[in-house]
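Every heavy atom of this structure was used, including side-chain atoms; hydrogens, water molecules and symmetry mates were not. Residues: numbered from 1 along the sequence shown.
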Amino acid sequence: MLSLEKSAAAFAEAKALMPGGVNSPVRSYRSMGSTPPFIARAKGSKIYDIDGNEYIDYVGSWGPMVVGHAHDEVIAAINEAAALGTSYGAPTLRESELARLVMTVYPSIQRIRMVNSGTEATMSALRLARGYTKRDKIVKFIGCYHGHSDSLLVKAGSGLATFGVPDSPGVTAGVARDTITVPYNDQDALTAVMKEQGGEVAAVIVEPVAGNMGCILPKQGYLGFLRNITAQYGALLIFDEVMCGFRASLGGAQAAYGVTPDLTCLGKIIGGGLPMAAYGGRAEIMDYVSPAGPVYQAGTLSGNPLAMAAGIATLKILTAEPAPGQPDPSRLLTLKVKELLAAIGDSARKYGVPLQLHQAGSMFGLFFSEKEVENYDSAAACDQEAFKVWFHAMLEQGIYLAPSQFETIFMSLAHSEADIAKTIAAADTALKAVADSRK
Ligand SMILES: *Cc1c(COP(=O)(O)O)cnc(C)c1O
């Protein structure tokens, strides 16, 4: 039995200090009805709590840790940068270096602006889209999460889905009115909205591979449809690749599906585990951003030297040429996930547990359902009690997963064959527990 005594005490104290004891809601394990392990340290594929438990980590700080925790090259880069000063509020060479690295794998990004969080990236991209098109409305998809700025906190996924609140109090009715929501993967719904209001829509923003209602893939042709219909009505297409960037493929969903957005938001991996994100796209649009253009957006710590160093080091590992005959890092990640999911699928069939398994490169997820899961409603209809049983059984066996069906699971380069074998064995036990709980 997993002992979390120290974590439980620390959590009780933290609740008197921070709302719900945490600085981001899903960390609280509230929907799982248990205590979150308090983390002391992490290295490679492993994370360790203050009770001395060791876990194989598939949360990866919710996405960024694609090369594993405390990777020697990333730590060295951060240390080197830190010794030269932690922030200047002035241009540096590292910012251009990271910009070039990103543009090499995201050719749709001709200009980039660095910010401090995914929330800032999407919020700023929307302001830019509104400024550029001189229109007010935006379209987002139910269950897609784009950070917590007001305009985007309408029918958002992630923590809101986990806690069953579609919208947040504090978002004004006026702001919410300008946000039109439609179901993901539903061409007819968006077509109808655009027919009526297309001329007022500044942008359609989408997670091209959805990761915040669980991991849900776009249907065949869906992203191409989004490209065509936005172009038809003069609205911008914004790909929020904060999560799926560098994961759906190295070049994100846009490379994997061959669809070019007008603007792209990146985060998580791009900062290598430090607070950093970015938005970018066509030069003609991006040059509307201040000081090149009139749309204002700024940041005291934007382009922070430590974050640049961590991002550059991480992207260098991800873009490294493989040894002859070896798969490149992205391919390697994809293969590891394939191996894991194939085994989990076998166990589920063995115990008669209906399971939907989804994968996009190094991000993946599972739903306890007989039916296909293609949007928020079908995700919400899955067996969430079964998920709870699965989650706790995995944690007990030292497998650290996101405490919500509405989150995605992440593979890192640090996960070894032994880690995967252990995870497969644990999953078999956990799926048996799910089957038993249903009897
Ligand atoms: C995580 C995430 C965000 C928000 O990023 P933060 O850094 O948490 O503000 C935005 N969009 C997507 C798709 C995300 O997964």
Side-chain angles (χ1 to χ4, degrees), residues 1-65 68-71 74-75 78 117-119 145 147-148 157-165 168-170 212 268 271 273-275 306 310 384-410 412 414-415 419 422-423 425-427 429-430 433-434 436-437:
M1 191 67 191
L2 193 64
S3 166
L4 287 171
E5 255 172 66
K6 287 185 185 164
S7 291
F11 191 40
E13 280 177 35
K15 280 181 181 166
L17 303 169
M18 290 163 274
V22 290
N23 281 314
S24 198
V26 195
R27 295 179 195 171
S28 69
Y29 278 37
R30 187 179 283 222
S31 65
M32 293 293 111
S34 58
T35 289
F38 268 51
I39 302 305
R41 65 194 169 89
K43 179 76 183 171
S45 62
K46 307 284 179 14
I47 192 162
Y48 303 85
D49 68 22
I50 60 172
D51 290 281
N53 299 304
E54 174 188 301
Y55 309 90
I56 302 172
D57 178 20
Y58 289 96
V59 177
S61 186
W62 305 88
M65 312 315 296
H69 291 284
H71 190 289
V74 178
I75 299 303
I78 294 172
S117 71
T119 294
Y145 178 69
H148 61 88
S158 191
L160 290 97
T162 300
F163 299 121
V165 286
S168 170
N212 287 288
K268 301 200 163 103
L274 269 76
L306 303 197
Q384 296 183 44
E385 284 310 309
F387 183 89
K388 250 193 221 185
V389 173
W390 151 264
F391 169 79
H392 282 122
M394 291 297 271
L395 193 69
E396 277 292 327
Q397 300 176 84
I399 311 294
Y400 189 81
L401 301 171
S404 168
Q405 174 208 267
F406 297 103
E407 301 291 348
T408 287
I409 310 172
F410 302 107
S412 89
H415 286 78
D419 289 333
K422 191 175 170 210
T423 308
T429 304
V434 170
D436 290 345
S437 75

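- Remark: the backbone N or O of Pro403 is not paired with any side-chain donor or acceptor of Glu407 at under 3.5 angstrom.
- For His415 (side chain) and Ser412 (main-chain N/O), a donor-acceptor pair under 3.5 Å exists by modelled atom type.
- Ile78 CD1 to Leu274 CG: the interatomic distance, rounded to the nearest 0.5 Å, is 4.5 Å.
- Using a 3.5 Å distance cut-off with no hydrogens or angles, the side chains of Thr423 and Tyr58 do pair a donor with an acceptor.
- Of the possible polar contacts, one joining the Asn53 side chain to the Ser3 backbone as a donor-acceptor pair under 3.5 Å is found.
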* Given the rule in the side-chain contact (heavy atoms from CB on, under 4.5 Å) test, do Val389 and Phe387 qualify, once you have shown the distances and angles that lead to the verdict? -> CA-CA 5 Å; Val389 173; Phe387 183 89; over 6 Å; no
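- Classification of the Tyr29-Phe391 ring pair by plane angle, with boundaries at 30° and 60°, yields perpendicular.
- The closest side-chain heavy-atom distance from Asn212 to Phe406 is not below 4.5 Å.
- In terms of modelled atom types and a separation under 3.5 Å, the side chain of Thr119 and the main chain of His148 share a donor-acceptor contact.
- Atom OG1 of Thr35 is separated from atom CZ of Arg30 by 12.0 Å, given to the nearest 0.5 angstrom.
- Lys6 approaches Ile50 most closely through the heavy-atom pair CD-O, 3.4 Å.
- Between the NE2 atom in His71 and the CE atom in Met65 there is a gap of 10.5 Å [rounded to 0.5 Å].
- Using modelled atom types, no side-chain atom of Gln384 and backbone atom of Gln405 make a donor-acceptor pair closer than 3.5 Å.
- With hydrogens and angles disregarded, no donor-acceptor distance shorter than 3.5 Å links the side chain of Lys15 to the backbone of Gly20.
- In this structure, the separation between CD on Glu54 and NZ on Lys43 is 14.0 Å, given to the nearest 0.5 Å.
- Looking only at side-chain heavy atoms (C-beta outward), Asp57 and Tyr400 come within less than 4.5 Å of each other.
- Between the side chain of Ser61 and the backbone N or O of Gly63, no donor-acceptor pair lies under 3.5 Å.
- In this structure, a donor-acceptor pair under 3.5 Å is present between the side chains of Asp51 and Ser7.
- Between Val26 and Ser404, the shortest heavy-atom distance links the atoms CG1-CB, 4.4 Å.
- A side-chain contact (heavy atoms from CB on, under 4.5 Å) with Trp390 is found for exactly one of His392, Met394, Lys388, namely Met394.
- Of all the heavy atoms in Ala42 and Ala70, the pair that sits closest is O-CB, 3.7 Å.
- Considering only heavy atoms from C-beta on, Leu4 stays 4.5 Å or farther from Phe11 through its side chain.
- Residue Gly44 comes nearest to Ala414 through the heavy atom pair C-CB, 3.6 Å, listed as atom of the first residue, atom of the second, then distance.
- Here Lys46 pairs with Asp419 in a salt bridge; the nearest charged N to carboxylate O distance falls below 4.0 Å.
- Taking OH of Tyr55 as the reference point, atom OH of Tyr48 lies at 12.0 Å (rounded to 0.5 Å).
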